[in-house]
Protein chains: 2
Amino acid sequence: MIRKPTSKETARKPNMREAILAAAEELFATNGFNAVSVRDIAHAAGANPGSVTYHFKTKDGLLLEIYRRHCGPMNLRRSELLAAARRVRDLQDRLEAIVRAYVVPAFTSGSDLAGGGARFTRLRAVMSAEGNEVARKIIAQTFDDTSHAFIDAIHESLPHIPRTDIVWRSHFLLGALYYSLVTPERVSRLSRGEADGSDAAGAIEQLVQATVAALQAPALDQVAPARRRPVASSKT
Amino acid sequence: MIRKPTSKETARKPNMREAILAAAEELFATNGFNAVSVRDIAHAAGANPGSVTYHFKTKDGLLLEIYRRHCGPMNLRRSELLAAARRVRDLQDRLEAIVRAYVVPAFTSGSDLAGGGARFTRLRAVMSAEGNEVARKIIAQTFDDTSHAFIDAIHESLPHIPRTDIVWRSHFLLGALYYSLVTPERVSRLSRGEADGSDAAGAIEQLVQATVAALQAPALDQVAPARRRPVASSKT
DNA sequence: TGATCTTTTGTACGATAGTACAAATCACAT
DNA sequence: ATGTGATTTGTACTATCGTACAAAAGATCA
């Protein structure tokens with residue numbers, strides 16, 4: 001009883017389009033936007049360079065479509081998990097649940113294949129580092145709402161911490177998350193094989209625990225405002 | 001009594017060479033390696049494209065020279081600060097001093113101009129995200145020793161925390177540090193102007209406090225090993 | 001001043017980039 | 001089977017890339 005798609009529908013044979021998207025995602029996430037040519041993508045997808053133009057018009061259009069494909073599902077999942085986390089009674093547990101609601105979809109937002117979420121998050125990290133214009137616009141539009149929702153939720157769990165501090169610490173969380181996906185092998189190397197940087201579950205746990213502790217740190221201006229040294233010169 | 005440089009010395013007129021290095025550093029750090037052309041760099045430095053080839057042979061050579069210029073001074077400064085930090089008696093203060101010894105030179109390693117340290121660290125962040133080969137080699141060679149030294153020092157201050165956890169948390173520190181330099185405007189935006197992401201001193205304090213708290217978090221396997229969930233499917 | 005070395009300029013070359021477009025091919029409704 | 005619209009292919013165009021290299025310009029010292 002599977003409905004046959006009619007010819008009026010855009011994708012009669014979605015395989016190639018999907019293959020191009022997947023290949024582009026992987027290559028962009030690994031090498032950056034400018035280092036990857038349309039020909040590279042086509043070759044990796046087993047397609048003709050012209051097909052990329054046909055499906056996505058331009059290279060920017062291809063990147064745009066990758067974002068469109070992932071942003072919705074990922075933020076939806078984050079919203080669901082955040083709503084559930086807000087209902088946790090115990091404050092400590094709630095904070096952890098909130099952080100987890102932020103982190104887990106970044107690793108596993110399963111809009112498609114296994115590892116798709118991590119791949120897309122890594123892509124976002126790389127685009128962010130490269131200052132990609134297309135990505136910058138989408139991110140500010142799509143993710144700031146989510147970020148504010150999480151910051152608000154965290155603030156509710158930690159009312160004694162100034163919002164500014166929470167913004168900074170959430171920012172650090174995102175940076176740590178990005179970096180874990182960009183260079184997981186560094187963790188394996190520095191731990192001399194004791195830890196596997198590519199293990200998503202392990203990374204998530206480490207990240208959640210570290211972030212919860214960071215968020216719970218005393219407010220900055222209550223710690224030692226006098227300690228702030230002027231940025232030191234190179235002399236000791 | 002200033003010694004006149006003889007013609008045997010390589011740099012009779014270092015201005016242009018320095019200008020090219022500075023321009024390349026700025027452009028690479030902002031836009032990534034592949035997005036910036038040699039002509040862009042030459043134009044920004046007010047030089048001729050041929051001059052870049054003359055001084056640095058290749059584009060990779062230019063990047064290499066940027067690293068050579070900064071790595072030494074920065075790691076030297078880190079070593080000095082780390083040695084001083086190790087002498088701090090109070091364990092809590094020592095831990096903070098160690099983290100500060102890692103973070104401060106990344107923002108201010110003053111091998112040259114103001115902000116040079118932050119610019120170079122941002123460059124490293126971007127090269128790391130792009131998976132740049134030249135950078136990868138240098139980083140593994142030059143920075144792993146430093147990283148291990150810091151991990152060891154932290155471990156001495158926190159002997160009850162497994163080394164694996166410390167590696168992860170130090171990794172998060174570097175990721176947060178990188179990200180703070182890559183997109184400082186995000187902090188300003190999310191805090192609605194209450195915080196200035198470009199303020200190095202503020203970023204350092206926030207980063208140090210958050211990291212110290214994260215490092216002091218209970219060891220992972222002592223927390224709730226049973227809590228580890230399998231990476232969830234997309235279904236709620 | 002003129003010889004010599006360093007640095008800068010200008011130009012050019014081959015490779016590859018993104019994209020356009022016509023022709024060929026495919027899938028399906030009739 | 002055949003026509004029709006969707007897709008894929010092949011090719012070509014222009015722009016720009018990194019780099020090479022000869023000539024011009026600048027600096028230094030006998």
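Order of the sequence lines sets the chain letters (A, B, ...), proteins ahead of strands, with each chain counted from 1. Values in this document were obtained by computation on a predicted structure and should not be read as measured data.
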**OP:** In whole angstrom, give the distance that lies between atom CG of Asp40(B) and atom P of dA17(C).
**Re:** 17 Å
**OP:** Figure out the CG/P separation between Asn34(B) and dG18(D), and round it to whole Å.
**Re:** 9 Å
Subject >> Phosphate contact (dT8(C) OP1 or OP2) by Tyr54(B) side-chain N/O below 4.0 Å >> reply: no
Original post:
Sub-3.5 Å donor-acceptor pair from the side chain of Thr121(B) to the main-chain atoms of Ala106(B), do we have one?
Top reply: yes
Original post:
With the threshold set at 4.0 Å, does a side-chain nitrogen-carboxylate oxygen contact exist between Arg122(A) and Glu25(A)?
Top reply: no
Subject >> Proximity to the side chain of Ser37(A) - top-ranked nucleotide from dT19(C), dA17(C), dG18(D) >> reply: dA17(C)
**OP:** Tell me which of Asp60(A) and Ser51(B) sits closer to the 5' end of DNA chain C, going by the nucleotide each one is nearest to.
**Re:** Ser51(B)
Original post:
Could you state the NZ-C1' distance from Lys59(B) to dC17(D), rounded to the nearest angstrom?
Top reply: 8 Å
**OP:** Report the distance from atom CG of Asn15(A) to atom P of dC26(C), rounded to the nearest whole Å.
**Re:** 15 Å
Subject >> Nucleotide nearest Asn48(B) when distance is taken to its side chain, options dT8(D), dA20(C), dG10(C) >> reply: dG10(C)
Original post:
When you look at Ser170(A) and Tyr102(A), which way does the side-chain contact (heavy atoms from CB on, under 4.5 Å) test go after all the steps?
Top reply: CA-CA 10 Å; Ser170(A) 307; Tyr102(A) 187 79; over 6 Å; no
Original post:
Under 4.0 Å between a Lys/Arg side-chain N and an Asp/Glu carboxylate O for Arg69(B) and Glu65(B)?
Top reply: yes
**OP:** Take atom CG of Asn31(B) and atom C1' of dC17(D), then tell me their distance rounded to the nearest Å.
**Re:** 16 Å
**OP:** Please test Asp144(B) against Arg186(A) for salt bridge (charged side-chain N to carboxylate O under 4.0 Å, His left out), starting from the C-alpha separation and ending with a verdict.
**Re:** CA-CA 9 Å; Asp144(B) 274 13; Arg186(A) 182 174 176 272; 5.1 Å; no
**OP:** Figure out the CZ/C1' separation between Phe33(B) and dC17(D), and round it to whole Å.
**Re:** 12 Å
**OP:** Would you kindly give the NE2-to-C1' distance between His43(A) and dT8(D), to the nearest whole Å?
**Re:** 17 Å
Subject >> Phosphate OP1/OP2 of dT6(C): any His55(B) side-chain N/O under 4.0 Å >> reply: no
Subject >> Met16(A) CE to dT9(D) C1', straight-line distance once rounded to whole Å >> reply: 11 Å
**OP:** From the options dT19(D), dT8(D), dT19(C), select the nucleotide whose nearest atom is closest to the side chain of Arg39(A).
**Re:** dT19(C)
